[in-house]
> 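I'd like to ask some things about the structure below.
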Protein chains: 2
Amino acid sequence: MTDRLPPDILIGHLKEAELRVTPQRLAIYRALVASDAHPTAKDLFEQLQSTLPSMSQATVYNTLQALVEHGLIQEIAEAHDGAVHYDAETTPHINLICTNCHRIEDVLDVPLHDVAEQVTARSGYQFQNMRIAYYGLCPRCQQTLAADQPGE
Amino acid sequence: MTDRLPPDILIGHLKEAELRVTPQRLAIYRALVASDAHPTAKDLFEQLQSTLPSMSQATVYNTLQALVEHGLIQEIAEAHDGAVHYDAETTPHINLICTNCHRIEDVLDVPLHDVAEQVTARSGYQFQNMRIAYYGLCPRCQQTLAADQPGE
DNA sequence: ATGCATGCAAACTCTTTGCAAACGC
DNA sequence: GCGTTTGCAAAGAGTTTGCATGCAT
């Protein structure tokens with residue numbers, strides 16, 4: 001778009017945040033950016049077992065915490081499953097959460113600035129971020145449930 | 001406003017939900033409806049210690065779970081403090097979350113149906129509920145932080 | 001070389017569960 | 001009286017912490 005995109009743009013993000021570039025951090029960050037499943041710390045830990053067998057759970061938690069603090073990723077706690085999920089998409093957007101299968105999808109193309117501006121104007125808060133959790137049944141689960149319970 | 005409000009409207013809600021009306025349930029439900037602080041289970045437990053000293057924490061957790069399942073209250077997990085907060089306001093609205101003092105306020109008068117409709121149309125999801133978390137600095141904390149750190 | 005990051009294990013918090021006694025309907 | 005709800009205590013899950021070793025800068 002502007003310059004060429006180096007293959008290690010994530011390394012650049014880490015350096016700009018003044019975080020040391022360790023293999024663990026880079027692997028966690030890469031896995032999260034590559035995923036669209038909004039994984040938990042445990043998900044990432046298990047996924048990276050094959051690549052970094054010696055990595056500890058604490059490192060995953062510490063790293064995710066560091067990335068959040070430096071604004072590189074965001075937390076999602078809206079899944080109501082007791083675990084914090086993470087999201088590499090840091091701009092305000094909508095999370096679609098299926099109350100049956102508990103998957104989380106992103107909706108990036110519904111504009112939210114109007115809502116944000118209205119809230120800012122009325123509340124006097126200084127805007128930092130916004131997250132919308134939309135709870136519903138995904139199309140797949142609608143069909144499944146309709147088939148299972150024809151009466152309801 | 002419309003009719004007279006009977007003092008035990010909450011009892012009616014419990015009965016409509018086919019939940020037995022126990023002193024513990026009523027006290028928890030009342031405390032939550034009366035509060036605008038979006039308390040956690042532990043908050044409610046501690047608050048009700050003086051009224052119901054024999055009540056156990058498990059009862060608070062069980063009761064809140066039952067109230068959520070029957071649609072009388074809602075969970076808020078967006079505070080990112082590791083605990084689930086609860087809200088007696090069950091219509092879609094915006095939660096204003098101060099990232100400095102961690103208080104949660106409601107914004108009830110910003111319309112959200114447009115956003116909900118757009119998402120429903122694009123996603124094919126069957127709408128159930130929506131929750132908006134707006135993160136920012138409340139006016140009080142803006143002043144406090146400005147005074148503490150004049151350079152930033 | 002300096003000091004931040006990692007790995008390990010224990011600790012901590014929040015929440016859930018099992019079971020007997022108590023209570024609402 | 002029947003079946004749900006409570007209270008207690010223990011267990012469970014997710015996350016954090018302390019400290020010595022290792023590694024990025």
Side-chain angles (χ1 to χ4, degrees), chain A residues 8 10-32 38-49 51-70 72-73 75-86 102, chain B residues 8 10-29 31 38-49 51-70 72-73 75-86 102:
Chain A
D8 294 26
L10 299 186
I11 294 181
H13 291 164
L14 289 173
K15 289 191 172 172
E16 283 164 25
E18 299 188 337
L19 290 171
R20 291 189 177 173
V21 181
T22 67
Q24 293 90 338
R25 275 187 181 158
L26 198 50
I28 292 166
Y29 191 14
R30 282 213 173 106
L32 185 57
H38 306 282
T40 64
K42 187 160 252 182
D43 292 337
L44 289 165
F45 174 70
E46 289 169 0
Q47 179 186 333
L48 294 171
Q49 286 281 66
T51 319
L52 294 165
S54 68
M55 183 174 63
S56 73
Q57 292 205 42
T59 296
V60 179
Y61 284 100
N62 289 338
T63 298
L64 290 170
Q65 197 170 282
L67 294 175
V68 167
E69 277 167 11
H70 291 83
L72 272 53
I73 65 172
E75 297 185 345
I76 314 175
E78 290 96 339
H80 297 313
D81 60 356
V84 178
H85 295 247
Y86 291 88
H102 298 102
Chain B
D8 295 26
L10 300 186
I11 294 181
H13 289 164
L14 289 174
K15 289 191 171 170
E16 284 165 24
E18 300 188 338
L19 289 170
R20 291 191 178 172
V21 182
T22 67
Q24 294 88 340
R25 274 187 182 157
L26 199 50
I28 292 165
Y29 192 15
H38 306 282
T40 64
K42 187 160 251 182
D43 292 337
L44 289 165
F45 173 71
E46 288 169 359
Q47 178 186 333
L48 294 171
Q49 286 281 66
T51 318
L52 294 165
S54 67
M55 184 174 62
S56 73
Q57 291 205 43
T59 296
V60 180
Y61 282 100
N62 290 338
T63 298
L64 291 170
Q65 198 171 280
L67 294 176
V68 168
E69 278 167 9
H70 291 82
L72 272 52
I73 64 171
E75 297 186 342
I76 314 175
E78 290 96 339
H80 297 314
D81 60 357
V84 178
H85 295 246
Y86 291 88
H102 298 104

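Just so it is clear: chains get the letters A, B, ... in the order the sequence lines come, proteins before strands, and each one is counted from 1.
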> Quickly work out the A:I28 CD1 to C:dT6 C1' distance and round it to whole Å.
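In whole Å, C:dT6 C1' and A:I28 CD1 are 10 Å from each other.
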> Check the phosphate of D:dC23 against A:Q24, side-chain N and O only, distance under 4.0 Å to OP1 or OP2. Yes or no?
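Indeed not, no polar side-chain atom of A:Q24 lies that close.
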> Please say which of B:T40, B:L64, B:I76 ends up in a side chain to side chain contact (heavy atoms under 4.5 Å, CB included) with B:Y86.
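Only one of B:T40, B:L64, B:I76 forms a side chain to side chain contact (heavy atoms under 4.5 Å, CB included) with B:Y86, namely B:L64.
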> Students often get this wrong, so: under 4.0 angstrom with heavy atoms, is B:S54 touching a base, only sugar-phosphate, or nothing?
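Counting heavy atoms under 4.0 Å across all strands, the contact made by B:S54 is with sugar-phosphate only.
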> Output the rounded distance in Å from CD (B:E69) to P (D:dT4).
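Atom CD in B:E69 sits about 14 Å away from atom P in D:dT4.
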> Decide yes or no for A:D8 and A:R30: does some side-chain heavy atom of the first lie under 4.5 Å from some side-chain heavy atom of the second?
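In short, these two side chains touch, coming nearer than 4.5 Å.
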> What's the CD-P distance between B:E46 and C:dT15, to the nearest Å?
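So the CD-P distance, B:E46 to C:dT15, works out to 12 Å.
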> Applying a 4.0 Å non-hydrogen cut-off, can you work out what B:A83 is touching in the nucleic acid: base, sugar-phosphate, or nothing?
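Contact class for B:A83: sugar-phosphate only.
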> Looking only at side-chain N and O atoms, does A:Q65 come under 4.0 Å of OP1 or OP2 in D:dT16?
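Result: yes.
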> Taking the nucleotide of DNA chain D with the closest heavy atom to each, which residue, A:N62 or A:D81, is nearer the 5' end?
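Per heavy-atom nearest nucleotide, the more 5' residue is A:D81.
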> Under a 3.5 Å threshold, yes or no: a donor from one side chain and an acceptor from the other, between A:T59 and A:N62?
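The answer is no; no qualifying pair exists.
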> OP1, OP2 of D:dC23 versus side-chain N and O of A:R20: anything below 4.0 Å?
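No.
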> To the nearest Å, give me how far apart CE (B:M55) and P (C:dA21) are.
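After rounding, the gap between these two atoms is 23 Å.
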> Contact between A:T63 and A:L67 at the side-chain level, heavy atoms closer than 4.5 Å - yes or no?
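Yes, side chains in contact.
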> Using the side chain to side chain contact (heavy atoms under 4.5 Å, CB included) rule, pick out the option among A:H13, A:E69, A:R25 that qualifies with A:L19.
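Of A:H13, A:E69, A:R25, side chain to side chain contact (heavy atoms under 4.5 Å, CB included) with A:L19 is met by A:R25 alone.
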> Just the rounded figure in Å: distance from C1' of C:dT16 to CD of B:E75.
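Computing the B:E75:CD to C:dT16:C1' distance gives 13 Å.
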> Hey, which of these two, A:P53 or B:H85, hits DNA chain C nearer its 5' end, going by closest nucleotide?
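This one resolves to A:P53.
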> Would you kindly give the CG-to-P distance between A:L64 and C:dA5, to the nearest whole Å?
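So the two atoms are 14 Å apart, to the nearest Å.
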> Does D:dT6 have OP1 or OP2 sitting under 4.0 Å from an N or O in the side chain of B:T22?
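Answer yes for this pair, as a side-chain N or O of B:T22 is under 4.0 Å from OP1 or OP2.
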> Determine the contact category for A:P23: base if any of its heavy atoms lies under 4.0 Å from a base atom, sugar-phosphate if only primed atoms, P, OP1 or OP2 are that close, otherwise nothing.
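Sugar-phosphate: the residue A:P23, judged by heavy atoms under 4.0 Å, touches backbone atoms but no base.
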> Taking C-beta and beyond as the side chain, do A:V68 and B:H80 meet within less than 4.5 Å on heavy atoms?
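No, too far: nothing below the 4.5 Å cut-off.
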> Starting at NZ of A:K15 and ending at P of D:dA24, how long is that distance when rounded to a whole Å?
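Value for this atom pair: 12 Å.
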> Give a yes/no on whether any side-chain N or O of A:K42 is located under 4.0 angstrom from OP1 or OP2 of D:dA13.
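No.
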> Quick one: is C:dT15 close enough that its OP1 or OP2 comes under 4.0 Å of any side-chain N or O from B:Y61?
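Yes, B:Y61 has a side-chain N/O under 4.0 Å of OP1/OP2 on C:dT15.
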> Would you mind reading off the distance between A:I11 atom CD1 and D:dA24 atom P, rounded to a whole angstrom?
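It works out to 12 Å between those atoms.
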> Quick one: which of C:dT15, D:dT25, C:dT6 gets closest to the side chain of A:V21?
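So the side chain of A:V21 is nearest to D:dT25.
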> B:S56 side chain N/O closer than 4.0 Å to the phosphate oxygens (OP1, OP2) of D:dC8?
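No, B:S56 has no side-chain N/O under 4.0 Å of OP1/OP2 on D:dC8.
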> Starting from the 5' end of DNA chain C, give me the residue, B:T40 or A:L19, whose nearest nucleotide shows up first.
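It is A:L19, whose closest nucleotide lies nearer the 5' terminus.
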